[in-house]
Amino acid sequence: MTEGAKAESTMTNLLEIDNVGKRFGGFVALENISLDVPVGERLGLIGPNGSGKSTLVNCICGTLHNEQGSVRFDGRAVDGLAAHQRTRLGLARSFQLPRPFASMNLIDNIRIPLLYTVAARGARHKAHDVEARCVDLLRQVGLDAKARRLPRDLTQVEMRKLELARAMASEPKLLIADEAMAGLTHSEIEDILALLVRLNEQGVTVILIEHIMRAVMSFSRRLVVLVSGRKIADGRPDDVMRDPEVERAYLGQ
């Protein structure tokens, strides 16, 4: 590859994972994982329990540090950076089990990550501007009517929406949504899918980790499959799901 082509490739890839490996003692959790995620991608990351999905996400976000390989985000090597430093660069995630600040209302749950982002960029915003942005984020997920309520007053799907709004408060370039639809009804799943699609259309690159296959297939433009710490497939969702190795290892056929 020429230097010009290499530079062009780097510019179009928001996330670049090169030969990443992670061990826990003698257990190999990730083995030689390479993955590029272009700007604007809607990527589905799937695999059975214990396949290494969470470990990979933790290595991307900085909760864990890979012993092998490298992670680049937005053209910058982030190996060795702490999770909060990666968040400041525009890398955010939502968690499968939402953990909002229970004693704070919804606006204040959004205000904290929003103020963190503002402070990290050395910017100053008037209090009413911050308040308006908090309400706007809650409006985007359909929770503005409950802005002054506590998290305990929310339904399960509303908690997932609050979790996504908290992640979006950091104004990410990349959002990793970790099982944002687990335990939800069909209509609730459709609500979350519509929300993720809207965020992507607004310019946010999204990686969706999910066990609900119809949701993954509906959302993803590209699908990556991990099994036993290895990447066994990467491509168009329909093609990936027809891959014999995916059928054997993931679908049990």
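No side-chain donor-acceptor contact under 3.5 Å links Q140 to the backbone of A165. For S34 (side chain) and D18 (main-chain N/O), no donor-acceptor pair under 3.5 Å exists by modelled atom type. Side chain of E210 to main chain of M181: a donor-acceptor pair is present (N/O by atom type, distance under 3.5 Å, no hydrogens or angles). In this structure, the side chain of N105 engages the main chain of D108 through a donor-acceptor pair within 3.5 Å. In this structure, N13 contributes its side chain and E16 its backbone to no donor-acceptor pair below 3.5 Å. In this structure a side-chain-to-backbone donor-acceptor pair under 3.5 Å is present from R160 to A182.
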Next on the checklist: Before you tell me yes or no, could you show the steps for L154 and L106 under side chain to side chain contact (heavy atoms under 4.5 Å, CB included), namely the whole-Å CA-CA distance, both residues' side-chain angles and the distance that decides it to 0.1 Å?
Outcome noted: CA-CA 10 Å; L154 302 182; L106 271 57; 4.0 Å; yes

Next on the checklist: Is there a side chain to side chain contact (heavy atoms under 4.5 Å, CB included) between L226 and I33? Walk through the geometry before answering.
Outcome noted: CA-CA 9 Å; L226 297 186; I33 302 293; 3.9 Å; yes

Checklist entry - Are V37 and L14 close enough, and set up right, to give a side chain to side chain contact (heavy atoms under 4.5 Å, CB included), and what steps lead you there? => result CA-CA 6 Å; V37 181; L14 181 60; 5.6 Å; no

Checklist entry - How far apart are the C-alpha atoms of E67 and K22, what are their side-chain angles, what is the distance that settles it, and do they pass the side chain to side chain contact (heavy atoms under 4.5 Å, CB included) test? => result CA-CA 6 Å; E67 296 95 359; K22 177 65 182 177; 3.1 Å; yes

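For the atom pair CG of N58 and CG of N66, the computed distance is 11.5 Å after rounding to the nearest 0.5 Å. Separating the OG atom in S218 from the CG atom in L196 is a distance of 10.5 Å, to the nearest 0.5 Å. Taken to the nearest 0.5 Å, the CG atom of D178 stands 9.0 Å off from the SG atom of C61. In this structure, I60 CD1 and R93 CZ are separated by 9.0 Å, a value rounded to the nearest 0.5 Å. To the nearest 0.5 Å, atoms CD1 (I207) and CD1 (I176) are separated by 4.5 Å. With rounding to the nearest 0.5 Å, the separation of OG1 in T205 from CG in L174 is 6.0 Å.
Heavy atoms only, all atoms of each residue included: L43 and F219 are closest at N-CE2, 4.5 Å. Closest non-hydrogen pair, P48 versus V227, comes out as CD-CG2, 4.0 Å. The shortest non-hydrogen separation linking M241 to M213 is CE-CE, 3.7 Å. Closest approach of T87 and S170 over heavy atoms only: CG2-CB, 4.0 Å. Scanning all heavy atoms of the two residues, the minimum distance from P151 to A102 falls at CD-O, 3.8 Å. Contact between H211 and G47 at its shortest, heavy atoms only, is CE1-O, 3.2 Å.
L223 and V197 fall into different hydrophobic clusters, where Ile, Leu, Val, Met, Phe, Trp and Tyr are joined by side-chain heavy atoms under 4.5 Å apart, directly or via other members. When the side chains of ILVMFWY residues are joined at heavy-atom separations under 4.5 Å, either directly or via intervening members, V206 and L164 end up in a single hydrophobic cluster. Under a hydrophobic-cluster definition in which Ile, Leu, Val, Met, Phe, Trp and Tyr are linked whenever side-chain heavy atoms come within less than 4.5 Å, directly or via other members, I192 and L138 are assigned to the same cluster. No continuous path of ILVMFWY side-chain contacts below 4.5 Å connects L56 to L175, so the two sit in separate hydrophobic clusters. Cluster membership for L199 and F95, using ILVMFWY side-chain heavy atoms within less than 4.5 angstrom, is not shared.
A169 meets the side chain to side chain contact (heavy atoms under 4.5 Å, CB included) test with I110, P113, L114, L137; sequence neighbours excluded. Residues passing the side-chain hydrogen bond (donor to acceptor under 3.5 Å, both in side chains) test with T185 are S187, E188, sequence neighbours excluded. By the side chain to side chain contact (heavy atoms under 4.5 Å, CB included) test, R236 is found to be paired with D239, residues two or more places apart in sequence or in another chain being considered. With sequence neighbours left out, R148 forms a side-chain hydrogen bond (donor to acceptor under 3.5 Å, both in side chains) with E131. For Q156, there are no side-chain hydrogen bond (donor to acceptor under 3.5 Å, both in side chains) partners at least two apart in sequence or on another chain. Scored by the side-chain hydrogen bond (donor to acceptor under 3.5 Å, both in side chains) test, Q85 finds no partners at all (sequence neighbours excluded).
Hydrophobic cluster membership for I112: F101, M104 (Ile, Leu, Val, Met, Phe, Trp, Tyr linked by side-chain heavy atoms under 4.5 Å, directly or transitively). V28 belongs to no multi-residue hydrophobic cluster, having no ILVMFWY side-chain contact under 4.5 Å with any other such residue.
Residue pairs that meet the salt bridge (charged side-chain N to carboxylate O under 4.0 Å, His left out) test with at least one member in residues 216-231, sequence neighbours left out, are E41-R222, R222-D234, R230-E245, K231-D234. Screening residues 193-204 for side-chain hydrogen bond (donor to acceptor under 3.5 Å, both in side chains), with sequence neighbours left out, gives no hits. Within the structure, no pair that satisfies the salt bridge (charged side-chain N to carboxylate O under 4.0 Å, His left out) test touches residues 42-66, not counting sequence neighbours.
Salt-bridge annotation for K173 and D74: present, with a side-chain N of the basic residue lying under 4.0 Å from a carboxylate O of the acidic one.
Considering L143, V135, V141 as possible partners of R139, the one that fulfils the side-chain contact (heavy atoms from CB on, under 4.5 Å) test is V135.
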Listing, residues 75-84 side-chain donor-acceptor contacts under 3.5 Å, not counting sequence neighbours, or none:
unit_1 : atom_1 : unit_2 : atom_2 : d
D79    : OD1    : V71    : N      : 3.1
D79    : OD2    : V71    : N      : 3.2

